[in-house]
Amino acid sequence: VPNHNDTQFKNDGQFKEYLQQFRPLDSEPLRMNAPARAVSRRFRFGVWAAVTACFIAGFFLLESLPQRFVRPDSTIISKTTSDATLPLEEIPPLTLGNANALLARSPSAKSAFDDIAFQPWLVHRPIGLQSALAILEKEKMKL
Amino acid sequence: MRSQGDDGKVEALYRQHAAALLLFATAIARERGRAQDAVQQVFLNLLGRGNLDRIADVKAYLFTSVRNTVLNDSKTRARSVELDEDSAWFVPPDRDYAVEASLRRALRELPGDQREVVVLHIWADLTFAQIGDVLQISANTAASRYRYAFAKLREAMHKKENSCAQP
């Protein structure tokens with residue numbers, strides 16, 4: 001094996017052998033614990049994906065809720081009311097047009113306002129229950 | 001999925017090639033800390049990857065991965081690279097660290113592409129075909145770069161020996 005004191009290397013092979021006597025420094029020990037980070041990164045990504053999916057599903061669910069519940073409200077009320085009361089669908093909304101029509105139809109302005117005012121038969125009350133107003137009327141108020 | 005067998009294989013590969021990979025990474029990065037990080041990163045990726053059997057030439061794969069990691073790291077860092085002048089790259093014969101320093105200096109003075117080839121051929125023991133795969137050049141180009149680099153290295157070391165011999 002050629003020595004570095006041999007200033008003249010006879011051929012390339014000898015010089016290559018000489019260079020190969022220089023041994024590359026050893027690397028640090030392999031850090032085996034780091035793949036846990038990769039796993040946790042994958043886990044974190046999964047959690048984020050799940051959360052995002054839940055948000056999207058929740059959004060669509062909320063979007064569909066109003067259409068599902070508006071109708072049943074009125075049907076539930078109409079089922080619990082007595083036959084003497086009017087269903088909510090038949091009560092016209094109080095718009096300017098309806099108010100004008102009511103005024104034109106009524107014999108006087110007073111009767112028209114009476115028609116617009118609160119009408120107890122329109123309150124849809126479950127059978128067997130009383131309104132708070134009815135109960136208060138029975139109470140003897142002490143001033 | 002990662003298995004114990006894969007871990008064992010990766011550790012064996014690390015024991016076998018880590019020193020040469022570190023030298024190669026140091027020759028590119030010219031900074032030992034970055035080189036060490038790159039080598040670690042490559043083996044950690046290998047552990048995460050799991051199936052090693054699909055890699056045709058594991059040795060060439062390792063050197064290619066280390067090179068890519070160092071080059072990607074260089075892109076993300078600032079352009080100014082601190083030269084790691086003092087830390088040794090080799091354990092020299094007879095613990096002659098003066099000769100080690102002169103070899104290191106001679107390697108540093110080589111153009112980067114020639115330095116890569118000479119390190120891969122002499123210390124990593126890669127064939128020119130493998131070097132071609134690692135550096136994405138032809139085997140002939142690798143051999144040609146090696147000849148130039150080797151001649152310069154020999155000349156530089158010869159000069160050093162002569163300067164030491166003179167009073």
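Residue numbering restarts at 1 for every chain, and letters A, B, ... go by the order of the sequence lines. Just so it is clear, the structure is predicted and the values come from calculations on it, not from any experiment.
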(request) Please flag which part of B/Phe150 lies under 4.5 Å from any non-hydrogen atom of chain A: side chain, backbone, both or neither. (result) both
(message) I'd like to verify something: which residue of B/Leu23, B/Leu21, B/Asp125, B/Leu103 has the highest number of heavy-atom pairs under 4.5 Å with chain A?
(response)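 Answer, by heavy-atom pair count under 4.5 Å with chain A: B/Leu103.
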(request) Determine the option with the most heavy-atom pairs under 4.5 angstrom with chain A, choosing from B/Ile122, B/Val119, B/Val118. (result) B/Ile122
Using the rule that two of Ile, Leu, Val, Met, Phe, Trp, Tyr join whenever any of their side-chain heavy atoms come within less than 4.5 Å, decide whether [X] and [Y] are in one cluster.
{"X": "A/Phe55", "Y": "A/Val47", "answer": "yes"}
{"X": "B/Ile28", "Y": "B/Ile137", "answer": "yes"}
{"X": "B/Val58", "Y": "B/Leu47", "answer": "yes"}
{"X": "B/Tyr97", "Y": "B/Trp89", "answer": "no"}
{"X": "B/Leu107", "Y": "B/Val91", "answer": "no"}

Rounded to the nearest 0.5 Å, how far apart are [atom1] of [X] and [atom2] of [Y]?
{"X": "B/Met157", "Y": "A/Phe15", "atom1": "CE", "atom2": "CZ", "answer": "5.5 Å"}
{"X": "B/Arg15", "Y": "A/Ser27", "atom1": "CZ", "atom2": "OG", "answer": "13.0 Å"}
{"X": "B/Phe90", "Y": "A/Arg23", "atom1": "CZ", "atom2": "CZ", "answer": "11.5 Å"}

(request) Specify the closest pair of heavy atoms between B/Arg32 and A/Leu25, including all atoms of both residues, with the distance to one decimal. (result) NH2-CB, 3.3 Å
(request) Please determine if A/Asp12 and B/Arg154 form a salt bridge, counting it only when a charged side-chain N lies under 4.0 Å from a carboxylate O. (result) yes
(message) A side-chain contact here means heavy atoms from C-beta on lying under 4.5 Å apart; do A/Phe22 and B/Val99 qualify?
(response)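 A side-chain contact exists here, since the closest heavy-atom pair is under 4.5 Å.
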(message) Between B/Val10 and A/Leu30, is there a side-chain heavy-atom distance shorter than 4.5 Å?
(response) yes
(request) Indicate yes or no for a side-chain donor-acceptor contact from B/Gln36 to the backbone of A/Glu28 under 3.5 Å, with no hydrogens or angles considered. (result) yes
(message) Does B/Tyr148, at its OH atom, have more than 12 non-hydrogen atoms belonging to other residues, nucleotides or ligands within less than 6.0 Å?
(response) no
